[in-house]
Amino acid sequence: MNVTHHVFLMTIHDVSVFYWMHVQNNFTPTANAASGMAVNDECKLKFQELKSKRSYRYIVFKIEEQQVVVEKCGEPNDSYQDFMASFPADECRYAVYDFDFTTDENCQKSKIFFVAWSPDSSRVRMKMVYASSKDRFKRELDGIQVELQATDASEMSLDIVKARAL
C-alpha cells in the first residue's frame, strides 16, 4: 500500500491555515479548528438592522455546523440584565450590544460593543474554535467600536461597559 502525505499552506484572511491531506484515489481536504468559520448572511443582516435601524438592543451568535449563526436578538427596550442572561454558563458565544449612555458633557451617545464570551467551564475545543474564529467574524461586522472578552459575568458588568464607553 503506497500512501502519500502532503502538507499545504493556505492563507485565508491573513490567517495561515495548515491542511494535512491524505491523498489516495480522491483529493479531499479537511479543515481544522484554526481555519475559521463561515458566517451566515443573517448575522450581517441582523447586525445592520441593529446598527442602522436600532431594531435590536443586542444579538447573540453561536457557532453551529461550521458557521456563525444568530441565536437570539434582544428587543430594543431590553435591559443589560436581559443581555447578560442570554449567555449560557458553560458554552462560548459572540454577541453585540448597542449601549446608550450620556457623556460628562450631557450628550446622548451610543457605542456598539462586541463581546467574546468564553466561560472557564466550557470545553477546551469550543474555546479554541471560538478564539480562532473571532477576528474573522468581527471583520464581517463593520461598526464595532469596543471589544470585551469575558470568562465570567464580572468581566462584562455594566460598570465595566460604562467605563469602556467613555
Side-chain angles (χ1 to χ4, degrees), residues 12-15 17 31-104 106-166:
I12 301 173
H13 298 289
D14 300 321
V15 176
V17 180
N32 66 17
S35 67
M37 297 288 154
V39 177
N40 186 293
D41 288 340
E42 183 187 20
C43 297
K44 294 178 258 188
L45 293 172
K46 295 288 186 188
F47 179 74
Q48 285 303 321
E49 291 174 16
L50 175 141
K51 187 172 82 168
S52 59
K53 298 178 187 174
R54 307 203 69 193
S55 301
Y56 311 106
R57 175 62 55 196
Y58 62 88
I59 306 169
V60 178
F61 306 94
K62 69 178 181 176
I63 294 177
E64 183 176 86
E65 297 177 11
Q66 300 296 313
Q67 69 174 337
V68 181
V69 297
V70 173
E71 181 177 51
K72 181 179 182 181
C73 295
E75 296 298 319
N77 59 350
D78 280 0
S79 69
Y80 193 74
Q81 287 72 29
D82 296 327
F83 172 64
M84 296 279 290
S86 299
F87 293 96
D90 59 353
E91 291 183 10
C92 300
R93 292 293 187 269
Y94 303 125
V96 291
Y97 186 83
D98 187 6
F99 181 64
D100 293 326
F101 62 100
T102 305
T103 66
D104 293 337
N106 208 25
C107 295
Q108 288 294 119
K109 291 203 172 193
S110 174
K111 285 198 178 175
I112 298 175
F113 279 72
F114 179 88
V115 177
W117 172 249
S118 184
D120 291 332
S121 59
S122 60
R123 295 185 316 259
V124 172
R125 175 160 169 62
M126 179 180 280
K127 290 179 195 179
M128 290 173 56
V129 169
Y130 274 79
S132 66
S133 304
K134 180 186 70 154
D135 288 337
R136 181 181 183 280
F137 178 55
K138 266 182 53 184
R139 281 194 296 269
E140 298 283 339
L141 306 178
D142 185 39
I144 300 292
Q145 295 162 305
V146 182
E147 178 181 339
L148 288 177
Q149 295 187 36
T151 59
D152 66 51
S154 69
E155 295 177 336
M156 58 184 215
S157 69
L158 187 56
D159 289 339
I160 288 174
V161 170
K162 285 178 184 177
R164 294 285 306 273
L166 300 173

(request) Looking only at non-hydrogen atoms, find the nearest pair between Met126 and Glu91 and report the distance. (result) SD-CA, 3.6 Å
(request) Could you tell me whether a side-chain N or O of Lys127 sits under 3.5 Å from a main-chain N or O of Asp120, the two making a donor and an acceptor? (result) yes
(message) Quick check for you: to the nearest 0.5 Å, what is the distance between Leu141 atom CG and Leu50 atom CG?
(response) 10.0 Å
(message) Any heavy-atom pair between the side chains of Phe87 and Val115 that's under 4.5 Å?
(response) yes
(message) Test of understanding: with salt bridge (Lys or Arg N to Asp or Glu O under 4.0 Å), list the residues that count as partners of Arg54, not counting sequence neighbours.
(response) Asp98, Asp100
(request) Look up atom NZ in Lys162 and atom NZ in Lys111, then write down how far apart they are to the nearest 0.5 Å. (result) 15.0 Å
(request) Decide if atom CG of Asp142 counts as having more than 12 heavy atoms of other residues, nucleotides or ligands within a radius under 6.0 Å. (result) no
(request) Check step by step if side-chain contact (heavy atoms from CB on, under 4.5 Å) holds for Val96 and Tyr56. (result) CA-CA 10 Å; Val96 291; Tyr56 311 106; over 6 Å; no
(request) State, to 0.1 Å, how close Ser86 and Tyr58 come at their nearest heavy-atom pair, and which atoms those are. (result) OG-OH, 3.2 Å
(message) To check you understand the geometry: which heavy-atom pair defines the closest contact between Gln145 and Ile112, and what is its length?
(response) OE1-N, 2.6 Å
(request) Please assess Ile160 against Met156 for the test side-chain contact (heavy atoms from CB on, under 4.5 Å), listing each intermediate value before the final yes or no. (result) CA-CA 6 Å; Ile160 288 174; Met156 58 184 215; 5.9 Å; no
(message) Are Cys43 and Glu140 packed together at the side-chain level, in the sense that at least one heavy-atom pair is separated by less than 4.5 angstrom?
(response) no
(message) Would you say that Val161 contacts Phe101 through its side chain, given a criterion of any heavy-atom pair below 4.5 Å between the two side chains?
(response) no
(message) Going by the rule salt bridge (Lys or Arg N to Asp or Glu O under 4.0 Å), which residues pair with Glu147 if we only count those two or more places apart in sequence or in a different chain?
(response) Lys134, Lys138
(request) Could you check whether the rings of Tyr130 and Tyr94 sit parallel, tilted or perpendicular, using 30° and 60° as the cut-offs? (result) tilted
(request) Check whether any side-chain heavy atom of Gln149 lies under 4.5 Å from a side-chain heavy atom of Ser118, and answer yes or no. (result) no
(message) If the condition is ring-ring contact (aromatic ring centres under 6.0 Å, His included), which residues does Tyr80 pass it with, not counting sequence neighbours?
(response) Phe83, Tyr97
(message) Can you tell me if Asp41 has over 12 outside heavy atoms packed within less than 6.0 Å of its CG?
(response) no
(request) Return yes if a side-chain donor-acceptor contact under 3.5 Å exists between Asp159 and Ser157, otherwise no. (result) no
(request) First locate atom CD of Glu49, then atom CD of Glu42, and finally report the distance between them rounded to the nearest 0.5 Å. (result) 9.0 Å
(request) State the CG-CH2 distance between Asp152 and Trp117, to the nearest 0.5 angstrom. (result) 6.0 Å
(request) Please round to the nearest 0.5 Å and tell me the distance separating atom CZ of Arg136 and atom CZ of Arg139. (result) 7.5 Å
(request) Indicate yes or no: at least one non-hydrogen side-chain atom of Ser133 is less than 4.5 angstrom from one of Ile63. (result) yes
(request) With rounding to the nearest 0.5 Å, note down the distance linking CZ in Phe61 to NZ in Lys72. (result) 13.5 Å
(request) Decide yes or no for Val69 and Lys62: does some side-chain heavy atom of the first lie under 4.5 Å from some side-chain heavy atom of the second? (result) yes
(request) Let me see the working for Ile144 and Phe47 under side-chain contact (heavy atoms from CB on, under 4.5 Å), right down to the final yes or no. (result) CA-CA 10 Å; Ile144 300 292; Phe47 179 74; 3.9 Å; yes
(request) Compare every heavy atom of Ser121 with every heavy atom of Ala89, then report the nearest pair and how far apart it is. (result) O-OG, 2.9 Å
